[in-house]
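Report on one structure; see the data block that follows.
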Protein chains: 2
Amino acid sequence: MSIRKGRSVTISDVAEAAGVSRAAVSKVIRDAYGVSPGMRARVQSAIEQLGYRPSVAARALRGSSYRLGLEVPHVNARFMTQIMTGAKQAVSGTPYQVILAPADGPEYSTLESLADGLVDGIIAVSPLVDPAWLEDLAGRIPVVMLGRHDTPSGYDTVIGDDRTGTRAIMRHLFDLGHRRIAHLTEPEPVTAPGTGTPHAIRLQVYRECMAEAGLGDLVQVARRHDDSEPARQAAAELVARHDRPTAIVAGHDDIALDALAAVAAAGLRDRVAVVGYDNTDLAEHPLIDLTSVDQQGVEMGAEAATMLLERLQGRIEPRHYVATTHLHVRGSSVRPTSDRAETGGRDQLE
Amino acid sequence: MSIRKGRSVTISDVAEAAGVSRAAVSKVIRDAYGVSPGMRARVQSAIEQLGYRPSVAARALRGSSYRLGLEVPHVNARFMTQIMTGAKQAVSGTPYQVILAPADGPEYSTLESLADGLVDGIIAVSPLVDPAWLEDLAGRIPVVMLGRHDTPSGYDTVIGDDRTGTRAIMRHLFDLGHRRIAHLTEPEPVTAPGTGTPHAIRLQVYRECMAEAGLGDLVQVARRHDDSEPARQAAAELVARHDRPTAIVAGHDDIALDALAAVAAAGLRDRVAVVGYDNTDLAEHPLIDLTSVDQQGVEMGAEAATMLLERLQGRIEPRHYVATTHLHVRGSSVRPTSDRAETGGRDQLE
DNA sequence: CGACCCGTGGAGAACGGTCTACAGTGACGC
DNA sequence: GCGTCACTGTAGACCGTTCTCCACGGGTCG
């Protein structure tokens with residue numbers, strides 16, 4: 001039923017076909033007040049017949065595009081899959097849709113390009129952008145930020161309980177008998193104290209727990225060298241040290257995968273424990289079998305989208321949601337080898 | 001430098017501030033002909049000062065949004081990461097940006113909602129949508145399809161060389177001595193003969209190779225039960241059979257991961273070979289160590305985006321790009337166990 | 001000195017919707 | 001018979017750009 005090729009059918013075409021005004025058609029498609037059943041039927045059938053679809057651009061210009069934007073730092077961050085899944089769930093049944101904009105570089109420009117009228121609201125995972133800048137952005141368009149531990153006034157936040165999650169990991173490792181526990185995390189900027197990023201908190205809590213256990217001098221922090229490189233190299237250096245840790249707490253599952261790779265490559269799979277964060281789908285794979293903290297990524301995504309929808313309905317006062325965490329213990333939680341004299345075989349105690 | 005909160009700064013604001021007309025400002029930002037250096041400078045400084053950013057919606061309504069849409073069937077398909085990476089590379093340096101729209105359900109509506117004026121062009125991975133419908137879509141907006149082996153006239157295609165890739169896998173397995181080789185793939189609709197999907201081709205070539213090797217009666221095809229469920233269950237059933245295959249050719253790496261999981265869960269890691277397709281980043285992980293066919297996903301994404309840009313420049317005649325394949329042999333390519341006498345009732349012939 | 005041209009800037013009509021204000025109509029009550 | 005009212009439908013401005021003319025001014029040339 002398509003009309004002249006190359007030109008799409010507009011609301012005027014429909015109006016003409018149905019013998020009514022453009023405004024009338026608009027009312028019908030918006031399901032607005034003041035439409036008689038007769039007109040509705042005629043318009044609907046014209047719409048059907050012409051295959052009319054409202055232009056998002058025109059709608060956006062006038063008011064809303066019915067699109068929500070999800071900005072994530074990297075295409076391949078596995079955690080974002082959970083967020084996206086949750087967000088899509090939350091908007092299903094509403095006229096809204098979620099589109100994804102991976103930054104893979106400068107986050108400011110990605111966020112701005114989203115805010116430039118493409119979407120009605122933004123969900124973003126951008127730990128490092130300036131709070132003041134965000135408040136400004138939030139003044140122009142509703143914003144929900146994921147993983148920011150500040151309590152801003154202009155936008156909403158959704159975070160996991162990083163303190164509790166990290167403490168659960170540390171307690172678990174202590175219980176297994178680990179003492180020499182290293183932390184493998186993101187590059188410096190993302191983990192600097194005071195930034196309030198999840199990774200900064202996890203690092204800080206790691207330090208706290210070590211100190212509380214009287215292990216302050218065993219603290220070892222390793223980082224991904226480069227923001228775009230995997231953490232495999234850093235992990236390899238960690239396990240090659242003479243004071244090799246018996247356990248590695250990774251900043252998140254992707255890093256944990258790299259740690260596992262390095263550990264496995266060194267033949268230390270059953271001598272060095274690895275723990276991740278996010279409980280991504282791969283963690284439960286039998287070959288990976290990674291202990292990890294579930295911070296309800298899907299719920300976080302759903303909650304973020306819901307908050308955004310509320311803001312689009314007119315809510316002004318900020319909300320801050322904290323997801324609960326749950327530690328999933330799996331095979332990567334090996335016990336520490338009790339001494340160094342054993343020959344390279346299977347030798348953890350138990 | 002932000003102006004009155006809540007209202008964003010428009011081209012008129014800039015024009016007023018610079019003491020020129022809106023048209024003049026438009027010329028400056030589009031770098032169009034007919035601007036004196038003096039005016040350019042004044043306008044630029046006004047833009048700077050006001051923090052002006054052109055509205056995408058208004059631009060889109062008028063002509064182009066400078067956004068390209070990438071539609072993928074599932075959020076979590078690991079192959080799409082490669083595509084996205086390539087596409088982003090290709091548009092970097094141009095004024096275009098790539099946004100992602102995961103379908104996770106009805107592809108028609110996802111595609112249409114992209115076509116509704118949000119983007120200037122579409123790259124899509126939608127093996128099953130009707131060719132005629134696509135031609136129609138392509139009449140309204142430039143389209144590049146990934147993984148469609150048809151040769152349409154209205155849109156471009158980018159595919160991998162599925163025949164060669166699959167033959168390489170089969171030869172590799174035959175060379176290792178495998179005879180009882182099963183194929184684990186997507187649900188029926190995606191692999192039905194004649195659909196021309198990559199998975200249909202891979203299945204067909206699998207059958208051909210088996211037949212050519214005189215092993216037609218050992219053909220075993222297993223499928224994911226449900227479109228949204230992982231293939232783990234199907235894989236588990238496959239390895240539980242009394243005529244268990246010695247090698248599993250998976251439709252792609254995600255399925256191969258499930259196959260590996262089932263094989264590992266059954267304690268058959270070194271007795272059943274698994275081969276994937278796409279050579280996703282996980283394949284080279286030491287704990288996964290999956291033999292897989294690299295079909296240059298990044299190049300495919302880059303090529304698709306480049307084609308789209310060409311179309312936006314005015315190209316009409318269709319292009320069809322075929323990416324080369326390369327088999328990466330890794331540890332999952334175990335040899336078949338040579339006898340049935342081993343403990344635990346392994347009893348496949350030969 | 002008038003015709004012409006080129007370089008520069010502006011006026012105003014699109015683009016495709018939404019939304020406010022208002023007009024027409026028939027029913028109803030007094 | 002007339003004012004009121006609820007209900008439908010329309011006219012037209014508006015959103016923020018782009019783009020096609022057109023006007024203006026000054027230099028060149030015949």
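Predicted model only: the values in this text are computed from it and were never measured. Proteins get letters first, then strands, A, B, ... in listed order; numbering begins at 1 in each.
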Notebook entry, point to check: Using a cut-off of less than 4.0 Å, is there contact between a side-chain N or O of A/S26 and OP1 or OP2 of C/dT18?
Noted result: yes
Checklist line | Protein-nucleotide distance (A/K27, atom NZ; C/dT20, atom P), rounded to Å | finding: 11 Å
Next item on the list: Whole angstrom is fine here: how far is it from OH in A/Y33 over to P in D/dT10?
Entry: 16 Å
Item checked: Distance below 4.0 Å between B/S36 side-chain N/O and C/dG7 OP1 or OP2 -> no
Margin query: Checking A/T157 against A/H320: is there a side-chain donor and acceptor pair closer than 3.5 Å?
Written below: yes
Next item on the list: Describe the nucleic acid contact of B/A24 in one word from base, sugar-phosphate, nothing, applying a heavy-atom distance below 4.0 Å.
Entry: sugar-phosphate
Next item on the list: Report the distance from atom CD1 of A/I11 to atom C1' of C/dG16, rounded to the nearest whole Å.
Entry: 8 Å
Next item on the list: Check each of A/R148, A/R319, A/R315 against A/D156 using the salt bridge (Lys or Arg N to Asp or Glu O under 4.0 Å) test, and report the only one that passes.
Entry: A/R315
Next item on the list: Starting from P on D/dG16, measure out to CG on A/L118 and report it in whole angstrom.
Entry: 16 Å
Checklist line | Distance, rounded to the nearest Å, where B/M39 contributes CE and C/dG9 contributes P | finding: 5 Å
Next item on the list: Look at atom CD of B/E16 and say whether more than 12 heavy atoms of other residues, nucleotides or ligands are closer to it than 6.0 Å.
Entry: no
Next item on the list: Please report, rounded to the nearest Å, how far the P atom of C/dT20 is from the CZ atom of A/R62.
Entry: 8 Å
Margin query: Looking at A/R22 and A/D13, is there a salt bridge between them, counting it only when a charged N and a carboxylate O are closer than 4.0 Å?
Written below: no
Check: Under 4.0 Å between a side-chain N or O of B/T10 and OP1 or OP2 of D/dG16?
Finding: no
Note to self: Under 4.0 Å, counting only non-hydrogen atoms across every strand here, what does A/V20 touch: a base, just sugar-phosphate, or nothing?
What the structure shows: sugar-phosphate
Checklist line | Closest contact, heavy atoms only, A/P127 versus A/E107 | finding: CD-OE2, 4.3 Å
Next item on the list: Check the distance between D/dC14's P and B/L61's CG and give it to me in whole angstrom.
Entry: 17 Å
Note to self: Looking at A/R59, I'd like to know whether one of its side-chain N or O atoms comes within less than 4.0 Å of OP1 or OP2 on D/dC15.
What the structure shows: no
Next item on the list: Remember a base hit wins even if backbone is also touched, and classify B/R40 as base, sugar-phosphate or nothing at under 4.0 Å, heavy atoms.
Entry: nothing
Check: Mapping A/S21 and B/V25 to their closest nucleotides on DNA chain D, which lands nearer the 5' end?
Finding: A/S21
Check: For the pair made of CZ in A/R22 and P in C/dG17, what is the distance, rounded to whole Å?
Finding: 9 Å
